[in-house]
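Written out below as structure tokens is the structure these notes cover.
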Amino acid sequence: MRMNILKKGLFSILIVGGMLSASTVAEARSKVIQAKGSDTILNVSQSIAENYMKENRGARIAVTGGGSGVGISSLLNGTTDIAMASRNIKEKEISMAKSKGIDVREVVLGFDGITIVANLSNPVKDIDDITLGKIFRGEITNWKEIGGEDAPIVVLSRDSSSGTHEFFKEHIIRENNTKKELEYGAKTLYMPSNEAIKQEIKVNKNAIGYIGMGYMDSTVESIKVDGVEATPENVSNKTYPIAREVYWYVDKNAEEDINKLVDYALSPKGQGIVKEEGFVPVK
């Protein structure tokens with residue numbers, strides 16, 4: 001019996017590769033690789049898993065979103081094999097892992113540019129990084145202050161479980177972490193996913209938000225930052241100012257089947273998928 005159930009978003013994805021006879025079903029169920037975490041790299045991780053299944057008979061992988069924080073905490077409590085993250089693991093998380101006998105391996109899956117997005121009707125096409133911080137801190141509240149229409153700015157952010165939320169706070173709101181007391185503005189609307197931000201931007205002409213580069217499409221407008229557009233080329237050459245690595249975290253002592261999946265993700269085939277999904281490959 002062959003199953004292939006795939007739902008984009010925050011739902012669990014169970015991808016089954018190969019043909020399983022009745023006598024091997026119970027054994028195969030005990031070998032499901034769990035991957036959990038970042039919404040930003042959920043789709044690309046799903047695609048890598050799906051293609052891996054096609055090439056490896058009987059392999060099974062469950063991929064679930066929920067945010068980078070959820071993924072890393074799941075790795076630490078033993079409920080996932082791979083933590084998908086769009087931020088670095090924290091020192092306190094590494095210490096916690098060590099206390100539980102987990103030796104964390106950091107795998108750079110690719111590179112992403114956090115894309116600032118607005119409604120297609122918005123006339124503002126370029127914002128410098130300092131002004132962007134003021135907008136997301138709630139210090140600039142009307143589009144007319146930055147060359148737009150006389151309308152209130154509706155600020156959208158990912159929620160606090162998101163690695164993108166934390167990265168954006170450190171690098172834009174806190175100006176590369178030089179102003180650690182600064183926070184998102186009081187009127188910020190927190191959204192559960194990249195897709196949720198994009199959908200709100202599409203219907204709200206006064207909204208501004210940020211999404212992973214792989215989620216960008218023609219339904220929203222990409223705003224340049226410091227005159228630079230969020231493109232794979234500009235992320236690759238390090239000219240785009242809000243670029244970061246995206247990760248898989250695993251136990252260095254992980255079982256062979258997990259290591260094989262990681263190796264596949266870093267192989268030319270896996271990195272080709274990373275590129276196809278709108279990110280910049282490592283290799």
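Remember, predicted model here, so these are calculated numbers, not experimental data.
Remark: Ser74 engages Lys36, Val70, Asn77, Thr79, Thr80 in a side-chain contact (heavy atoms from CB on, under 4.5 Å) (not counting sequence neighbours). Taking the side chain to side chain donor-acceptor pair (under 3.5 Å) definition, one finds that Ser68 meets it with Ser86, sequence neighbours left out. Scored by the side-chain contact (heavy atoms from CB on, under 4.5 Å) test, Glu195 finds Ser193, Lys198, Gln199, Tyr215 as partners (sequence neighbours excluded). Applying the side chain to side chain donor-acceptor pair (under 3.5 Å) rule to Asp128 yields the partners Thr131; only residues at least two apart in sequence or on another chain are considered. Remark: Ser161 pairs with Asp159 by the side chain to side chain donor-acceptor pair (under 3.5 Å) rule, at least two apart or across chains. Applying the side-chain contact (heavy atoms from CB on, under 4.5 Å) rule to Ile33 yields the partners Ile61, Asp81, Ile82, Asp257, Ile258, Leu261; only residues at least two apart in sequence or on another chain are considered. Qualifying side-chain contact (heavy atoms from CB on, under 4.5 Å) partners for Asp263, counting only residues two or more places apart in sequence or in other chains: none.
Between the CD1 atom of Ile146 and the CG atom of Asp126 there is a distance of 10.0 Å, given to the nearest 0.5 Å. Between Thr239 atom OG1 and Asn237 atom CG the span is 3.5 Å, to the nearest 0.5 Å. Note that CG of Leu182 is 14.5 Å distant from CZ of Phe136, once rounded to the nearest 0.5 Å. Atom CD of Glu277 and atom CG of Asp112 lie 12.0 Å apart (nearest 0.5 Å). From Lys252, atom NZ reaches atom CG of Asn259 across 12.0 Å, with rounding to the nearest 0.5 Å. To the nearest 0.5 Å, atoms CG (Asp217) and OG (Ser222) are separated by 11.0 Å.
Remark: side-chain polar atoms of Glu221 are not paired, donor with acceptor, to backbone N or O of Lys125 under 3.5 angstrom. The backbone N or O of Ile41 sits less than 3.5 Å from a side-chain atom of Ser45, completing a donor-acceptor pair. Without hydrogens or angle criteria, Gln271 side chain to Lys283 main chain gives a donor-acceptor distance under 3.5 Å. Under the 3.5 Å distance criterion, the side-chain polar atoms of Arg87 are left unmatched by any main-chain donor or acceptor of Phe167. In terms of modelled atom types and a separation under 3.5 Å, the side chain of Asp39 and the main chain of Ser162 share no donor-acceptor contact. The backbone N or O of Ala230 lies less than 3.5 Å from no partner atom in the side chain of Asn234, so there is not a single donor-acceptor pair. Although no hydrogens or angles enter the test, the distance criterion places no donor-acceptor pair under 3.5 Å between the side chain of Thr141 and the main chain of Gly138.
Cluster annotation: Leu42 and Ile48 are assigned to the same hydrophobic cluster (Ile/Leu/Val/Met/Phe/Trp/Tyr, side-chain heavy-atom contacts under 4.5 Å, transitive). If you chain together hydrophobic residues whose side chains sit under 4.5 Å apart, Ile223 and Ile197 never meet in one group. Hydrophobic clustering of Ile, Leu, Val, Met, Phe, Trp and Tyr side chains at less than 4.5 Å, counting indirect connections, unites Val155 with Ile242. A continuous path of hydrophobic side-chain contacts links Leu266 to Met53 [ILVMFWY only; heavy atoms under 4.5 Å]. Under the 4.5 Å side-chain heavy-atom criterion for Ile, Leu, Val, Met, Phe, Trp and Tyr, Tyr184 and Ile114 are members of the same hydrophobic cluster.
Using modelled atom types and a 3.5 Å distance limit, the side chains of Thr164 and Thr40 yield a donor-acceptor pair. Looking only at atom types and distance, the side chain of Asn119 has no donor-acceptor partner in the side chain of Asn206 under 3.5 Å away.
In plain terms, the two heavy atoms of Ser236 and Val280 that are nearest each other are CB-CG1, 4.1 Å. The two residues Glu93 and Ile89 make their nearest non-hydrogen contact at OE1-CG1, 3.3 Å. Of all heavy-atom pairs spanning Val225 and Pro241, the tightest one is CG1-CG, 3.5 Å. Closest heavy-atom contact between Thr115 and Gly212: OG1-C, 4.4 Å. Scanning all heavy atoms of the two residues, the minimum distance from Ser157 to Thr188 falls at CB-CG2, 3.7 Å. Between Gln34 and Ala62, the closest heavy-atom pair is OE1-CB, 3.4 Å.
Between Tyr210 and Phe168, the angle of the ring planes stays under 30°, which puts this pair in the parallel group of the 30/60° scheme.
Sorted by first then second residue, the salt bridge (charged side-chain N to carboxylate O under 4.0 Å, His left out) pairs that include residues 225-240, not counting sequence neighbours, number zero. Each ring pair (Phe, Tyr, Trp, His ring centres under 6.0 Å) pair with one or both residues in residues 59-96, not counting sequence neighbours, would appear here, but there are none. For residues 261-283, the pairs satisfying ring pair (Phe, Tyr, Trp, His ring centres under 6.0 Å) are Tyr52-Tyr264, with sequence neighbours left out. Applying the ring pair (Phe, Tyr, Trp, His ring centres under 6.0 Å) test to residues at least two apart or on different chains, none of the pairs has a partner in residues 90-121.
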Pairs of donor and acceptor atoms involving the side chains of residues 95-110, under 3.5 Å and at least two apart or interchain, shall be tabulated with distances.
{"unit_1": "Ser95", "atom_1": "OG", "unit_2": "Glu91", "atom_2": "O", "d": "3.1"}
{"unit_1": "Ser99", "atom_1": "OG", "unit_2": "Met96", "atom_2": "O", "d": "2.5"}
{"unit_1": "Glu106", "atom_1": "OE1", "unit_2": "Tyr249", "atom_2": "OH", "d": "2.5"}

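The number of heavy-atom neighbours closer than 6.0 Å to CD of Glu149, taken from other residues, nucleotides and ligands shown, is 12 or below.
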I'd like to know whether Tyr240 forms a side-chain contact (heavy atoms from CB on, under 4.5 Å) with Thr231, so could you lay out the CA-CA distance, the side-chain angles of the two residues, the decisive distance to 0.1 Å, and finally the verdict. CA-CA 8 Å; Tyr240 186 67; Thr231 65; over 6 Å; no
Decide side-chain contact (heavy atoms from CB on, under 4.5 Å) for Asn122 and Lys205; before the verdict, give the C-alpha distance in whole Å, the side-chain angles of both, and the deciding distance to 0.1 Å. CA-CA 7 Å; Asn122 196 312; Lys205 67 177 184 178; over 6 Å; no
Passes side-chain contact (heavy atoms from CB on, under 4.5 Å), Glu166 versus Lys90? Steps please. CA-CA 11 Å; Glu166 292 204 25; Lys90 300 174 182 177; 3.2 Å; yes
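For the pair Asn88 and Tyr247, the minimum side-chain heavy-atom distance is below 4.5 Å.
Paired with Met84 under the rule side-chain contact (heavy atoms from CB on, under 4.5 Å), one option of Thr64, Val246, Ile72, Val63 passes, and it is Val63.
The existence of a salt bridge linking Arg137 and Glu175 is confirmed by a sub-4.0 Å separation between a basic side-chain nitrogen and an acidic carboxylate oxygen. The pair Glu55-Lys269 meets the salt-bridge criterion, since a charged nitrogen lies less than 4.0 angstrom from a carboxylate oxygen. A salt bridge is defined here as a Lys NZ or Arg NE, NH1 or NH2 lying under 4.0 Å from an Asp or Glu carboxylate O, and Arg174 with Glu183 meets this definition.
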